[in-house]
There are 2 protein chains.
Amino acid sequence: MISKKTKYALKALGYLAEHSVGDPILISELAKEENIPRKFLEAILVALRKGGVLKSKIGKGGGYMLALPPANITIGKVVSILEGGFALVECLNDNVKGVCEECGDPACCGIRLVMSDVKKAIDSVLESTTLADMVEKSDTARQQKSKIMDFSI
Amino acid sequence: MISKKTKYALKALGYLAEHSVGDPILISELAKEENIPRKFLEAILVALRKGGVLKSKIGKGGGYMLALPPANITIGKVVSILEGGFALVECLNDNVKGVCEECGDPACCGIRLVMSDVKKAIDSVLESTTLADMVEKSDTARQQKSKIMDFSI
DNA sequence: ACATAATCCTACCTATCCTATAGAGATAGG
DNA sequence: CCTATCTCTATAGGATAGGTAGGATTATGT
């Protein structure tokens, strides 16, 4: 299960991708528009900045901007920043904190082998989907829906 | 990240798949051989029994057996029993506890749409991999390794 | 230089879940 | 009836997620 942190991050990034016209957007605007607790969002944005996805401008007239075009920000990157990778078992994590004590021999642990397949499947989706894709999916779905609404009237 | 519960479950099931010759195996044997806290394992086995993966025999000479052949037990089933499904967002969970408050309109929520793709990818692996596969993977890896060892001597 | 608007940083709190344990109860075999 | 088992309920400690507070720092405009 992805955490609220990650969900909030994706919502905030989605907003930035749709509303950014070059100048920075305020934390408070993001928090209000996307319904995210202000202070909590602050911490999330800092993480995203340190992860290279956002850049900020301090002081009056400051705020946050995307550091890259939406098409160059993968969902995998965002998840990885907020969740510290998305491994299903410790021993498959990117930032390896050591082998999990359960599988005596990592190379032969059945669980590890299976979860490695799962991780590959997850990563292939996460790495191939970008922020731009996410926004587009959402827009398309909304348009589809309003079409259907029109027909039904 | 899968919980220790699930890891222990898979280890115990793996042991049962490999050592079962029809008669029940003791909790204490499973706990000892697979290095799992006895009482904790007890709870896990009960869950697996209620989930239809194991059956038990009470009283003297009792113990646990697989309720199905290993090739008919998917890893997905086990994960689903122990973790209550493996959705990445609440609103995609099997046992829907309601829509997540974040995505106003579930049908148009970009996060939901992306995570739905991820879930499909996960499920396709988890549903197509069985306990028998897991045990086999592990065995094959072990054999490969011992071959390499032989060469190197 | 100064007031103001913004992000940045450090620390903290609380509830929930994960892991684990204890002990009495129920059931079957001999 | 005795013993070996699983079964059930309750509980406890620790970690993590989610959220909050307040002040420090930095930039802008006048």
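Every chain is numbered from 1 and lettered A, B, ... according to where its sequence line falls, protein lines coming before strand lines. Hydrogens, waters and symmetry mates play no part in the numbers below; they use all other heavy atoms, side chains included.
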The contact string for nucleotides 10-23 of chain D, one letter per nucleotide 5' to 3', using protein heavy atoms under 4.0 Å with B, S and - for base, sugar-phosphate only and none, comes out as --------SBBBB-
Of A:G59 and A:K50, the one whose closest nucleotide on DNA chain C sits nearer the 5' end is A:G59
- Have a look at B:L45 and say if it touches a base, only the backbone sugar-phosphate, or nothing, with a 4.0 Å heavy-atom cut-off. nothing
Problem set entry | Side-chain heavy-atom pair B:L45, B:L30 within 4.5 angstrom cut-off | yes
Verify the distance criterion only: is there a donor paired with an acceptor across the side chains of B:S146 and B:R142 at less than 3.5 Å? no
- Could you tell me whether the side chain of B:S128 and the main chain of B:V125 form a donor-acceptor pair under 3.5 Å? yes
At a 4.0 Å cut-off to heavy atoms of chain B, the contacted part of DNA chain C spans C:dT19 to C:dG29
query = Does B:S56 put a side-chain nitrogen or oxygen below 4.0 Å from OP1 or OP2 of D:dT7?
reply = yes
Contacts of A:K39 meeting salt bridge (charged side-chain N to carboxylate O under 4.0 Å, His left out) (sequence neighbours excluded), chain-then-number -> A:E42
Flag side-chain contact, heavy atom, 4.5 Å: A:I81 against A:V53
yes
Review point. Has the side chain of B:D133 got a donor or acceptor atom that lies under 3.5 Å from a matching backbone atom of B:T130?
Key: yes
Q: For residues A:I25 and A:E33, determine if any side-chain heavy atom of one lies less than 4.5 Å from a side-chain heavy atom of the other.
A: no
Between CG of B:L48 and P of D:dT7 the distance, given in whole Å, is 12 Å
Rounded to whole Å, the CG-P distance (B:L16 to D:dC6) equals 11 Å
Rounded to whole Å, CD1 of A:I58 lies from P of D:dG29 at a distance of 16 Å
Exercise for the section: Describe the nucleic acid contact of B:I27 in one word from base, sugar-phosphate, nothing, applying a heavy-atom distance below 4.0 Å. Expected result: sugar-phosphate
Those residues at least two apart in sequence (or on a different chain) that pass side chain to side chain donor-acceptor pair (under 3.5 Å) with A:E29 are A:Y15
Numerically ordered, the residues 60-67 of chain A set in heavy-atom contact under 4.0 Å with DNA chain C is A:K60, A:G63, A:Y64
- Item | Non-hydrogen side-chain atoms of B:L48 and B:L82 separated by less than 4.5 Å | yes
Notebook entry, point to check: Any donor-acceptor pair under 3.5 Å linking the side chain of A:E83 with the backbone of A:S3?
Noted result: yes
> Got A:D139 and A:E18 here, is their nearest side-chain heavy-atom distance under 4.5 Å?
Replying inline: yes
Terminal axes of the helix from C:dA1-D:dT30 to C:dG30-D:dC1 (5 end pairs apiece), angle rounded to 10 degrees, sit apart by 20°
Any donor-acceptor pair under 3.5 Å from B:S116 side chain to B:R112 backbone
no
With a 4.5 Å cut-off on side-chain heavy atoms, are B:Y8 and B:N35 touching?
no
